[in-house]
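The sequence lines fix the lettering, A, B, ..., with proteins before strands; numbering per chain opens at 1.
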Amino acid sequence: MLEAQLDWGLAIAILIGFGVLWVAFGWYLGRDNRSIDDYALAGRNVGFAFATATAMATWITSNTTLVAPQLAYQFGIWGMVGYSMAALGLILFAPMAQRIKSLMPHGFTSGDFIRTRYGKSAWAMFMVISVFYAMGWLVSLGMAGGILLSSLSDLDYHTGMSAILIICVLYTLLGGLKAVIATDFVQSILILTGVVIIAWVCIDKVGIDQIHSQVSDFQPELLNLAFPAAIMFLFNNIFFGIGEIFHSNVWWSRAFAFKTGVGKRAFLLGGLLWLPIPIVTGFVALAALSLGIIPPSADMVGPLVAAKLLGSIGAIFVFIVVFSALASSMDSLLAATSDLITQDGYKRLINPRADSDKLLKVSKRVVIGLGVLTWLLCLPKVATLGALLNFTGAFVASAIFPIVFGLYQPRLTGNFATAAMALGTVTGLVLYFVIGFYVAAISACLMSLAICLLGLWLAPGKFDWQTFKEPDNVPE
Amino acid sequence: MYLSETMLTLLVLVACAGAALAPIILLLLYKRDLKDKSLW
């Protein structure tokens with residue numbers, strides 16, 4: 001597909017090189033893991049540098065490097081600016097991370113919080129949302145790995161997909177969250193350097209003035225600041241991003257893992273550092289017109305421009321950036337979903353007396369199980385990745401206000417929190433099919449908010465924050 | 001209302017500067033945490 005596609009041997013060499021590096025790194029970092037706290041939460045003592053890097057790198061997915069250019073190509077300015085607004089999720093989570101750490105200094109998962117705060121029915125509804133979203137994101141990352149690596153090189157879909165899964169499972173298995181966070185740090189440096197070099201060459205070789213005049217002449221709508229579909233996308237994307245971060249154990253596990261006092265600063269700085277990336281990767285796509293590129297599919301516009309500007313070196317850059325972006329999200333998701341299943345599934349429902357050693361073994365088995373399940377679900381190649389993730393928008397956005405009120409407002413009760421998540425999800429799904437993907441998250445969020453406010457007005461409760469500190473709710 | 005060339009240039013250059021600063025900031029934070037022995 002690309003005129004500067006990597007040949008099979010070079011692509012395999014890059015995959016094996018990075019694979020061996022990450023797995024060895026994972027083993028080295030994991031050799032001191034003694035307890036479930038060490039393995040699942042990196043000893044609950046992650047410093048500011050690693051905390052900031054992992055917050056940012058985990059939020060840089062394959063979508064940030066490929067869908068942001070696609071959106072700029074289709075929606076213009078609002079496409080890339082709208083995508084960058086997903087940084088609001090990280091920024092708004094900053095004070096919540098501090099609140100989570102102070103309420104539950106020994107907590108493990110977002111499921112722990114929901115069960116203690118709202119009771120079993122809300123916890124069950126929340127687990128459906130969490131596991132559905134986590135598997136949706138894992139499968140979309142696995143498929144994206146196969147599709148992207150096969151588009152950027154001579155590798156076939158199944159080789160690319162299997163390689164990224166095997167590498168991520170191995171180093172997550174060996175090193176736990178410590179390995180995930182340390183590799184996130186290196187991956188964030190690689191991604192940022194690659195993206196900036198591509199943008200710099202684009203400005204140098206094509207020029208912003210040339211890009212602006214070409215777009216103005218042939219596709220002026222892309223520069224229109226009152227482009228209705230793009231503005232609708234922007235608002236939906238904000239609520240989708242906030243819903244993803246507020247509910248997912250990927251982010252809660254980090255709030256528990258970061259050193260006391262670090263969470264708020266790390267999420268705030270991570271969000272601010274993430275903010276410009278979709279604009280930088282998106283802007284590159286606007287050069288497609290000036291370079292005479294007509295991509296066979298819109299999501300390949302970024303790699304095509306990079307390959308055109310930098311030739312085979314560009315293809316290597318894009319391959320490494322995309323591989324790092326995929327790995328930095330997939331490893332986090334494997335670790336956090338394994339925590340959720342181990343703590344909320346195994347310990348809560350199957351073996352409440354399980355000690356740290358037992359939980360450590362179960363957690364590692366769950367990582368392998370998740371890897372195998374994801375691999376099986378990724379075997380049939382499905383092209384509509386965006387549709388799968390957009391579908392989860394209705395689920396995750398319905399959890400925003402039950403979580404916010406749960407953390408700060410003692411009067412919201414479990415029954416109304418459950419109803420808010422259930423009715424919000426149903427509303428979002430109905431409108432997803434009736435109107436379109438771009439209203440699923442925002443409608444789910446608004447319905448959920450209405451139910452929460454109704455609950456506060458009709459049947460206010462009085463939750464005691466000290467409940468989180470009671471022995472039953474503190475893991476041994 | 002359409003985005004002018006000046007505004008597009010400003011948007012892109014500010015974003016590129018931000019993205020270029022990010023790895024430098026991360027490496028400086030790493031250096032500080034390493035010195036203070038507070039990485040983990």
Among [options], residue most engaged with chain B (heavy-atom pairs, under 4.5 Å):
options                                : answer
A/Val196, A/Asn224, A/Ile181, A/Asp209 : A/Asn224
A/Ile277, A/Val195, A/Ile208           : A/Ile208
A/Met80, A/Met56, A/Lys178, A/Lys259   : A/Lys178

Margin query: Are the side chains of A/Leu269 and B/Ile25 in contact, using a 4.5 Å heavy-atom criterion?
Written below: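 Yes. Closest side-chain heavy atoms under 4.5 Å.
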Nearest-0.5 Å distance that lies between atom [atom1] in [X] and atom [atom2] in [Y]:
X        : Y        : atom1 : atom2 : result
B/Leu29  : A/Thr52  : CG    : OG1   : 5.5 Å
A/Ile198 : B/Cys16  : CD1   : SG    : 11.5 Å
A/Ile189 : B/Leu26  : CD1   : CG    : 5.0 Å
B/Glu5   : A/Ser216 : CD    : OG    : 8.0 Å

Contacting moiety of [X], where chain B heavy atoms sit under 4.5 Å:
X        : value
A/Phe48  : both
A/Leu275 : neither
A/Val215 : neither
A/Ala257 : neither
A/Ala199 : side chain
A/Phe185 : side chain
A/Pro220 : both

Notebook entry, point to check: Can you list the steps and then say if B/Leu11 with A/Val81 is a side chain to side chain contact (heavy atoms under 4.5 Å, CB included)?
Noted result: CA-CA 10 Å; B/Leu11 177 71; A/Val81 172; 4.3 Å; yes
Item checked: Check against side chain to side chain contact (heavy atoms under 4.5 Å, CB included), A/Leu225 and B/Tyr2 -> CA-CA 6 Å; A/Leu225 295 175; B/Tyr2 290 83; over 6 Å; no
Check: Should B/Trp40 and A/Leu29 be marked as a side chain to side chain contact (heavy atoms under 4.5 Å, CB included) after you check the CA-CA gap, both sets of side-chain angles, and the distance that decides it?
Finding: CA-CA 11 Å; B/Trp40 298 107; A/Leu29 288 161; 4.2 Å; yes
Checklist line | Reference residue B/Pro23; test side-chain contact (heavy atoms from CB on, under 4.5 Å); the match among A/Leu273, A/Leu192, A/Ile191 | finding: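 Filter result, single survivor: A/Leu192.
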Next item on the list: Starting from the C-alpha separation in whole Å, work towards a yes-or-no answer on side chain to side chain contact (heavy atoms under 4.5 Å, CB included) for B/Leu13 and A/Ile203.
Entry: CA-CA 9 Å; B/Leu13 291 182; A/Ile203 292 170; 4.2 Å; yes
Checklist line | Where A/Ala49 and B/Asp33 come nearest, the two heavy atoms and their spacing | finding: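 Where A/Ala49 meets B/Asp33 most closely, the heavy atoms are N-OD2, 2.9 Å.
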Item checked: Minimum-distance pair of heavy atoms, taken over all atoms of B/Ala19 and A/Pro276 ->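 Looking at all heavy atoms of both residues, the shortest contact is N-CG, 3.9 Å.
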Next item on the list: Could you look at B/Thr6 and say if it's the side chain, the backbone, both or neither that has a heavy atom under 4.5 Å from chain A?
Entry: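 For B/Thr6, there is no contact with chain A at all, as no heavy atom is under 4.5 Å.
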Item checked: Short side-chain to backbone donor-acceptor contact, A/His212 and B/Leu3, under 3.5 Å ->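 Yes, A/His212 side chain to B/Leu3 backbone: donor-acceptor pair under 3.5 Å.
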